[in-house]
Amino acid sequence: METANLKLASVASDVLGKSGRDMLDALIAGQRDTQVLAELARGRLRAKIPDLRLALDGRLQPHQSFLLQQILAHIDFLDESIEQLEGEIQQRLVPFKEEVSVLESLPVVLQVGAAVVIAEIGTDMSRFPSAKHLASWAGVCPGNKVSGGKRRSSKTTKGNRYLRSVLCQLAWVIARLKEPNYLTAQYHRIARRRGKKRAILAVAHSLLVIIYHLLRDKKPYRDLGADFFDRRDVGRIQRQAVARLEQLGFQVSLASKQEVA
């Protein structure tokens, strides 16, 4: 398309969306009128019709049209193959309907992730003595490096790369959730002190521990709440807040709501 001076990607965010695909199919069919092509736009893209007319004013040669047709046919083949694979995965998950239902109670939509989790660790958690053993096997916990009787920082173990990859992807999704929950609070709490990557791995570890207990107990997930860490560290938060105010020159005295009442 670039060699044909077609700049559709500069105007449409998704060239293979419905509008973009209609325009590409029309170009392959021989349509060269930029006004007709631009009118194929749908939704919000119609506000960019003047820009589309300019972007579609190119010189698509017969050999380029043939190559474009072959590329789109290959993309259609891949999309169809993916759809068939997803259908087959869903059929294989039917015997694990209860486990999938339990995993769907998590604050993140697993979709393919549920299939990967069940495929990699199964549904019988008795094979792992504890959640810690599972986390170590998956490679989402720190390695054990001790020197001179002191525990030193060490890299995570290799573990199961497929499971670890999915867990980290889910952790990134959790980190961007608009509705706060325990896992998002954990991410932001650690990210402020130790960086985003360490926070992602910590959330992935917590997520796997939660999955272990969900599959073992066959009970849905119950979130501890976004304020869990604040409720757990009330004394520390009070001390830090008082110390900060005193640094600013204020004299602070604290009283509970019951005492005030």
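A heavy-atom distance below 4.5 Å is found between the side chains of Leu103 and Leu215. Between Asp22 and Arg42, some side-chain heavy-atom pair lies under the 4.5 Å cut-off. At least one side-chain heavy atom of Ile210 sits less than 4.5 Å from a side-chain heavy atom of Tyr221. Two residues are said to be in side-chain contact when any heavy atoms from C-beta on lie closer than 4.5 Å; Val102 and Lys219 fail this criterion.
Through side-chain heavy atoms spaced under 4.5 Å, either directly or across other Ile, Leu, Val, Met, Phe, Trp or Tyr residues, Leu78 is tied to Phe77. Clustering of Ile, Leu, Val, Met, Phe, Trp and Tyr by side-chain heavy atoms under 4.5 Å joins Ile71 with Met1, Leu6, Leu8, Val11, Val15, Leu16, Met23, Leu24, Leu27, Ile28, Leu37, Leu40, Leu45, Leu52, Leu56, Leu60, Leu68, Leu72, Ile75.
A continuous path of hydrophobic side-chain contacts links Val116 to Ile89 [ILVMFWY only; heavy atoms under 4.5 Å]. Both Met125 and Leu93 belong to a single network of hydrophobic side chains, linked directly or stepwise wherever heavy atoms of I, L, V, M, F, W or Y lie under 4.5 Å apart.
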- Leu207 and Leu106: CA distance, side-chain angles, deciding distance, side-chain contact (heavy atoms from CB on, under 4.5 Å) verdict: CA-CA 9 Å; Leu207 193 58; Leu106 288 166; 4.3 Å; yes

- side-chain contact (heavy atoms from CB on, under 4.5 Å) between Lys7 and Asn5, intermediate numbers included: CA-CA 6 Å; Lys7 306 295 183 179; Asn5 199 35; 3.5 Å; yes

- Task: Kindly determine whether His133 and Ser130 satisfy side chain to side chain donor-acceptor pair (under 3.5 Å), including the steps that lead there.
- Result: CA-CA 5 Å; His133 287 80; Ser130 68; 2.7 Å; yes

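The 12-atom threshold is not exceeded at CZ of Arg244, counting heavy atoms of other residues, nucleotides or ligands nearer than 6.0 Å. By the 6.0 Å contact criterion, CZ on Arg222 is open, its count of non-hydrogen atoms from other residues, nucleotides or ligands being 12 or less.
In this structure, the separation between CG on Leu170 and CG on Leu183 is 10.5 Å, given to the nearest 0.5 Å.
Nearest heavy-atom pair across Ile121 and Trp137 is CG2-CZ3, 3.7 Å. Summarising the geometry of Ala131 relative to His213, their closest heavy-atom pair is CB-NE2, 4.2 Å, with the distance given to 0.1 Å. When all heavy atoms are compared, the tightest approach of Cys141 to His205 is CB-CD2, 4.1 Å.
Residues Asp25 and Arg21 are paired through a salt bridge, judged by an N-O separation under 4.0 Å between the basic side chain and the carboxylate.
Of the possible polar contacts, none joining the Ser165 side chain to the Tyr162 backbone as a donor-acceptor pair under 3.5 Å is found.
Neither side chain, Glu88 nor Gln84, offers a donor N or O lying under 3.5 Å from an acceptor on the other.
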